[in-house]
Structure formats: C-alpha cells, structure tokens
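Residue numbers begin at 1 in each chain, while the letters A, B, ... track the order of the sequences.
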There are 2 protein chains.
Amino acid sequence: MTERTLSIREAAAETGVTAHTLRYYERIGLALPVARAKSGHRRYGEPELRWIVFLRRLHATGMPIRKMLAYARLARKGPAGADGRRALLEEHRREIKERLGQLTSTLEVIEQKLALYDQLPAPPAEHAPRER
Amino acid sequence: MTERTLSIREAAAETGVTAHTLRYYERIGLALPVARAKSGHRRYGEPELRWIVFLRRLHATGMPIRKMLAYARLARKGPAGADGRRALLEEHRREIKERLGQLTSTLEVIEQKLALYDQLPAPPAEHAPRER
DNA sequence: CTACGACTTCGAGCGCGCTCTAAGTCAACG
DNA sequence: CGTTGACTTAGAGCGCGCTCGAAGTCGTAG
C-alpha cells in the first residue's frame, strides 16, 4: 500500500522530458507544485506522471504552451472549468485533424517524387538546378 | 507566350508567406536569387512559386530549415545531388509517418476524454483539481 | 568528519524561424 | 516637378520552449 514516488530524475526518465523541463513546467504553472521529501526534493506520484505525459501529448501534437496553461488552469478549477476544458479539447481535436490532412497530402507529394527516382533514367529536375 | 511574373507582394499572397519571409528564404539560400526587374524589384515566375510552396509543405510537416537547406543545395547540384535528395525525402517520409501515428493516437486519447464529458454526470477529474 | 552527488532556486542564455525597422531608390501619377 | 507608395538592403529584435550555469543545501558512504 506504500505509494511509489519518484525522484525528479526518475520522473524525467519515465515521462521522457528532462528534469529541467519538469521544474520549468512547475514554475510556469503547467504542473502543480509537487510533494516534497523533507530534504526539499520533489517526489512524483502516478497522477503527476500521467499529467506530464498528457501535456507532452498535447504539445507533440501542436498545442502551444499558452493553451496548455489555459487548460491546466481550468483543470484546477475542477467542475467549474469543465466547459472550458471541453471546448479546448474540441478545438485541439479539430487542429489535429487538420494536421493529419496536411501530413497525409504531403506524404502523397513525397511518394510521388520518390517514385520519379525509381522510374526515370535521369533524376528529376528541381527548381533552378544550376550551381555557380 | 509572355511569361507571367509576379511582384514579391503577389508571390507572397500566392504562396501564403509574407514578403519578408520570401526575402529571408533567399538570403539564407533556401531559394535562389530570383530574377529582377530593371528597377531592382524581384520578379517571381512559376518555378519559383512551386519551389516555395514545396518548401512550405516540408516545413509544415516538421522539416527544420537546416534540412530544407541541405535539400536545396543538393537540388542545385542537379543529377549529382539526386541520391542525397532521395535519401532526405525518404527520411522525411519516415518522420511524417511517425507524426501521423502520434497524431492519431493522441486523437484517440482526446476522443476518449471528450466522451467522458458526454457520459458523466460530473465532469472528469484532472490531475490536482484544487485551486487555492 | 569529510567528501560526494543529487538535488534546490533564480536568472541568464540559446536556437529556431521569422518579423520588423530604418534608410534609401525607383516609377508612375497629377 | 513633387508626392506617393511599393520596393530594396542590412541588421536588430522577438516569441517560443526550453537549457544551462552558479551557488547553495542535504543525506549517505567511507
């Protein structure tokens, strides 16, 4: 029943960010001040880790820190912030879908270009191939 | 048969970047020095526009400018740079696929969270909902 | 008791990709 | 001929998201 807690180094390894970044997130208010050992050292539990991982997901999919911050503030308000959180998530869902489309269409463009390298005797010309 | 050329402003509108950015791309070597009117003003033709659009696609899908620069240099070498260009494109294809996976899995996470807002009487708790 | 190493805070610094400013030139209009 | 306005260059500045350095504290090993 002992709760497993991690040092900042371990938490960093677990979440895939650096210890510097964990402290940074805390000081800008993206994460709450975490529990401390009596030495003053941070101790991370499961909920903190899950929160960081979720933030990184949002960030990796293009959400800027300012928006994550807004979401974090709403989360701290509990039920009162539910509508706002939902709106932010819906907005981000839209943006993810947009990015998916962008990636997919560029993937196609690249596949086409690559196909040229396979099929042509001479490599495809690119804009202004001369070099002086 | 007259070639249609655009001013920097028009080219910017056409490609979706600012005139500032067009000049910036030229000075860092991402785009070749473009033709000039006798006034000294830049004149953009079709190939230049297509090149810029392609660069923006690469960039929008996560390619850093340094890599685009490497690609541009290879393109200027013509056939001699074909292998290198191909390798860069293949690498970027891999990264795009990775990003697609990341976006897709995060999209699922968000869909799940959103589903909670629809089904629960109380909104879902988030890490450390208290606000002092 | 001492030395070590992992932690702490605070603040400065950095790489990226623009973005903007200042000062000047040129062409066309009235 | 004078004004307007779109362009030119070179270089400084900026927002983002970390990243690092300095200086100090704590707790365990030898």
In chain order, what residues pass the side chain to side chain contact (heavy atoms under 4.5 Å, CB included) check against A/Y24, with sequence neighbours excluded?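 Applying side chain to side chain contact (heavy atoms under 4.5 Å, CB included) to A/Y24 gives A/R27, A/I28, A/I65.
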Output every pair passing salt bridge (Lys or Arg N to Asp or Glu O under 4.0 Å) with a member in residues 79-92 of chain B, not counting sequence neighbours, ordered by first then second residue. A/D118-B/R86, A/E126-B/R85, B/K67-B/E91, B/R86-B/E90
Pair listing, salt bridge (Lys or Arg N to Asp or Glu O under 4.0 Å) test, anchored in residues 15-25 of chain B, at least two apart: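 Listed by first then second residue: nothing to list.
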Quick test of your reading: applying side chain to side chain donor-acceptor pair (under 3.5 Å), list the pairs with at least one residue in [range], sequence neighbours left out, ordered by first then second residue.
| range | value |
| --- | --- |
| residues 7-19 of chain A | A/S7-A/E10, A/T18-A/T21 |
| residues 35-44 of chain B | B/E26-B/R42 |
| residues 100-110 of chain B | A/R57-B/S105, A/R57-B/T106 |

How does protein contact run along nucleotides 24-30 of chain C, one letter per nucleotide 5' to 3', with B for base contact, S for sugar-phosphate only, - for none, heavy atoms under 4.0 Å? --SS---
From NE2 of B/H20 over to C1' of C/dT21, roughly how many Å is that when rounded to an integer?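 So the two atoms are 9 Å apart, to the nearest Å.
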Measure from CD1 on B/I28 to C1' on D/dT9 and round the result to the nearest Å.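 Going from CD1 in B/I28 over to C1' in D/dT9 covers 17 Å.
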The salt bridge (charged side-chain N to carboxylate O under 4.0 Å, His left out) partners of B/R94 (sequence neighbours excluded) come to B/E98
Do B/Y25 and B/R56 meet the criterion of a side-chain donor-acceptor pair at a distance under 3.5 Å? yes
Protein and nucleotides 14-18 of chain D: nitrogen or oxygen contacts under 3.5 angstrom:
residue: D/dC16; atom: OP1; partner: A/R66; partner atom: NH1; Å: 2.2
residue: D/dC16; atom: OP1; partner: A/R66; partner atom: NH2; Å: 2.6
residue: D/dC16; atom: OP2; partner: A/R66; partner atom: NH1; Å: 3.2
residue: D/dG17; atom: OP1; partner: A/I65; partner atom: N; Å: 3.3
residue: D/dG17; atom: OP2; partner: A/I65; partner atom: N; Å: 3.1
residue: D/dC18; atom: OP1; partner: A/R56; partner atom: NH1; Å: 3.3
residue: D/dC18; atom: OP2; partner: A/Y25; partner atom: OH; Å: 2.8
residue: D/dC18; atom: OP2; partner: A/R56; partner atom: NH1; Å: 3.4

